[in-house]
Amino acid sequence: MRARIIFLTALLAIAGCSKKDEVASLSDGYVFPPINIQCSYIAMLESDLARNVLLIGEEAKKCAAFFDEIGIKSCTSPSGKIDLVMMSCKSISRQSCEKVSSFLNDNGSIAWMMDVSDVKAFEFKKTLEDFNFADVRLWMVGQSRWLLTGSKRPRVKKLEDMFLLFSYEGVFERLAEAKCSALQHIFASYAGSRDDIMPAFSAGDLKATVRPEFFLTKEIPSLSWIDSSNVDEDIAKKFFAEARSMQVVRRLAVEGSMLAEAGNEKEAVDSWARAFKRNPLDIFILERLDRLDRNAKGFWEVRKVLMAMKCYETMVLINPEYEAALNNFGMCLKKIGRHDIAERAFKRVKELQEKTQISTGGNKK
């Protein structure tokens, strides 16, 4: 399978902790919490303000609250026609697609939460071919947690409806939990339409496990399926420009992953750090930091202090103002007897805490 961004794929390593050094129990069924929230809101954006949603699969059912809290009624068995189906099954055949389609009203949409961590390219190609819906689009919300969306018939989505969704009471707080402060941040995960994706299968090893870089093109995919005619021109222009910027940053984050796999850890961390600086809410970077944090805690518990320290160091290199990681890095240094460097780390933590207090008015008398 050929890479479509900048570098060629190579080995299998994660900067800070290699695959063989990861704590295995941390990856068993774990999903970075913001991923499910963002998947839910992407499904809502694609569904033209759905009134109800059918949830199929355990991961999808965990998303019920995200729909219910803004007035989209969730259910786990069809009763009448449905506006939106959100599912999280392992695979889906053309026949299953037809059955799901029968649940939907004429303007209905489907959103399939996919775990592609073990999916081969030839399997994914068949999935796209069998996903018998119009306007099929791929969203890479996590490194291996993707969302495939489709509708019963082609439709242009209205930007004004997307903005309306983000204006519902309580949505801002929920999106903050999802590490997504604005509509344009959602579009960092947009990988393109089915027509954009299919050319990637024309060359390379179709037995390779799919990865983001196989399908992300250098050229940012078009958002021509979004109608902005009823939105102020300046606001629309700003939205499209910022959505594009978020996608550029996402490619920088993926570039870091590709460098890490090639064994270029220093360059990988530099790419992630640059991506984080440009968009500290990029979910690929935040998922990476979350993985490093969980591995570090696992290593600490089994007294593999040096491995834990390496993970914390990588976290701080990506985000130099990560107070918790910097403090834990200092604790590791102290544990191995490097008290001089540990004290410098703790001093920096104190400086960051004071900076936070000042910026939030904590020092005001």
Side-chain angles (χ1 to χ4, degrees), residues 1 4 35 38-50 53-57 59-60 63 81-116 119-142 144-159 161-162 186-202 206 210-217 219-227 243 247 250:
M1 193 70 189
R4 304 187 75 200
I35 289 176
Q38 290 204 23
C39 281
S40 299
Y41 276 88
I42 291 170
M44 296 178 204
L45 293 175
E46 289 267 28
S47 67
D48 290 340
L49 304 177
V53 56
L54 172 63
L55 303 175
I56 303 174
E59 208 64 45
C63 300
K81 290 296 184 178
I82 300 294
D83 293 331
L84 170 64
V85 172
M86 188 164 181
M87 55 194 299
S88 57
C89 55
K90 186 173 179 62
S91 61
I92 184 170
S93 64
R94 182 175 289 268
Q95 292 74 22
S96 297
C97 284
E98 291 174 357
K99 183 176 181 179
V100 171
S101 181
S102 70
F103 299 151
L104 295 169
N105 65 36
D106 290 342
N107 291 318
S109 300
I110 180 173
W112 179 15
M113 304 166 70
M114 308 175 69
D115 178 0
V116 299
V119 175
K120 305 301 182 184
F122 73 89
E123 296 173 322
F124 190 57
K125 180 175 183 288
K126 188 174 189 308
T127 291
L128 289 172
E129 292 170 343
D130 287 347
F131 199 66
N132 194 25
F133 294 92
D135 282 344
V136 174
R137 284 183 275 274
L138 177 64
W139 302 75
M140 296 176 179
V141 189
S144 61
R145 297 283 175 167
W146 298 356
L147 190 74
L148 197 60
T149 64
S151 55
K152 289 193 70 172
R153 62 185 187 186
R155 294 197 316 278
V156 173
K157 313 295 181 182
K158 296 181 179 180
L159 183 58
D161 288 343
M162 295 181 178
I186 288 281
F187 284 85
S189 298
Y190 180 57
S193 68
R194 178 164 48 197
D195 289 343
D196 294 327
I197 299 300
M198 292 306 291
F201 298 103
S202 62
L206 294 183
V210 296
R211 298 187 55 81
E213 57 266 29
F214 293 168
F215 306 106
L216 290 180
T217 56
E219 183 179 350
I220 304 301
S222 170
L223 295 180
S224 59
W225 49 275
I226 300 177
D227 176 14
Q247 292 211 341
R250 174 60 56 83

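Just so you know, residue 1 is the first one in the sequence shown, and it goes up from there. The structure displayed is predicted, hence computed values, not measured ones.
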Atom pair CG (Leu138) and CD1 (Ile197), whose distance is rounded to the nearest 0.5 Å: 5.0 Å
Non-neighbouring partners of Ser193 that pass side-chain hydrogen bond (donor to acceptor under 3.5 Å, both in side chains), sequence neighbours left out: Asp196
Set of residues satisfying side chain to side chain contact (heavy atoms under 4.5 Å, CB included) with respect to Asn105, sequence neighbours excluded: Arg51, Lys81, Asp83, Asn107
Any side-chain heavy-atom pair from Trp225 and Val156 closer than 4.5 angstrom? no
I'd like to check the salt bridge (charged side-chain N to carboxylate O under 4.0 Å, His left out) partners of Lys125; sequence neighbours left out, ordered by chain and number. Glu129
Do Pro221 and Gln247 touch side chain to side chain, with heavy atoms closer than 4.5 Å? yes
Under the ring-ring contact (aromatic ring centres under 6.0 Å, His included) rule, collect the residues that match up with Phe103, sequence neighbours excluded. none
Using salt bridge (charged side-chain N to carboxylate O under 4.0 Å, His left out) as the criterion, list what pairs up with Glu123, not counting sequence neighbours. none
Neighbour count >12 (heavy atoms, 6.0 Å) for atom NZ, Lys152: yes
Could you list the residues that satisfy side chain to side chain contact (heavy atoms under 4.5 Å, CB included) with Ser91, not counting sequence neighbours? none
Pair Leu216-Met140, side-chain contact (heavy atoms from CB on, under 4.5 Å): steps then yes or no: CA-CA 10 Å; Leu216 290 180; Met140 296 176 179; 4.2 Å; yes
With no hydrogens and no angle check, do the side chains of Glu46 and Ser109 hold a donor and an acceptor under 3.5 Å apart? no
Are Phe214 and Phe124 side-chain neighbours, meaning at least one heavy-atom pair lies under 4.5 Å? no
Could you tell me which non-hydrogen atom of Phe133 sits nearest to which non-hydrogen atom of Cys97, and how far apart they are? CZ-O, 3.6 Å
In short, Leu148 meets Thr127 closest at the heavy-atom pair CD2-CG2, 4.2 Å
Any chance you could measure Thr149, atom OG1, to Met86, atom CE, to the nearest 0.5 Å? 11.0 Å
Which residues pass the ring-ring contact (aromatic ring centres under 6.0 Å, His included) test with Tyr41, not counting sequence neighbours? none
For Asp48, which residues count as a salt bridge (charged side-chain N to carboxylate O under 4.0 Å, His left out) partner, sequence neighbours excluded? Arg155
Taking the side chain as everything from C-beta on, heavy atoms only, tell me whether Tyr190 gets closer than 4.5 Å to Ile220. no
Whether Trp146 and Phe215 hold their rings parallel, tilted or perpendicular, with breakpoints at 30° and 60°: perpendicular
Can you list everything that forms a side chain to side chain contact (heavy atoms under 4.5 Å, CB included) with Ile56? Sequence neighbours excluded, please. Leu54, Val85, Met87
Treating Gln38 as the side-chain partner and Ile186 as the backbone partner, does any N or O pair qualify as donor plus acceptor under 3.5 Å? no
Pairs flagged by salt bridge (charged side-chain N to carboxylate O under 4.0 Å, His left out) wherever residues 93-116 is involved - sequence neighbours left out: Arg94-Asp130, Asp115-Arg145
Note, Ile110 side chain near Leu84 side chain (heavy atom, < 4.5 Å): no
Provide the closest heavy-atom pair for Ser151 versus Asp135 in the form atom of the first, atom of the second, distance. OG-CB, 3.8 Å
Which value, rounded to the nearest 0.5 Å, describes the distance between Leu55 atom CG and Ser40 atom OG? 8.0 Å
What residues form a ring-ring contact (aromatic ring centres under 6.0 Å, His included) with Trp112, not counting sequence neighbours? none
What residues form a side chain to side chain contact (heavy atoms under 4.5 Å, CB included) with Ser88, not counting sequence neighbours? Glu59, Ala60, Met113
Just how far is it from atom CE of Met162 to atom CG of Asp227, taken to the nearest 0.5 Å? 10.0 Å
Can any side-chain N or O of Arg194 pair as donor or acceptor with the backbone N or O of Ala134 at less than 3.5 Å? no
Would you call Phe122 and Val210 a side-chain contact if the rule is heavy atoms closer than 4.5 Å? no
Taking all atoms of both residues into account, what is the closest heavy-atom pair of Cys39 and Leu147, and its distance? O-CD2, 3.6 Å
In Å, rounded to the nearest 0.5 Å, how long is the span from CG of Leu45 to CG of Leu49? 9.0 Å
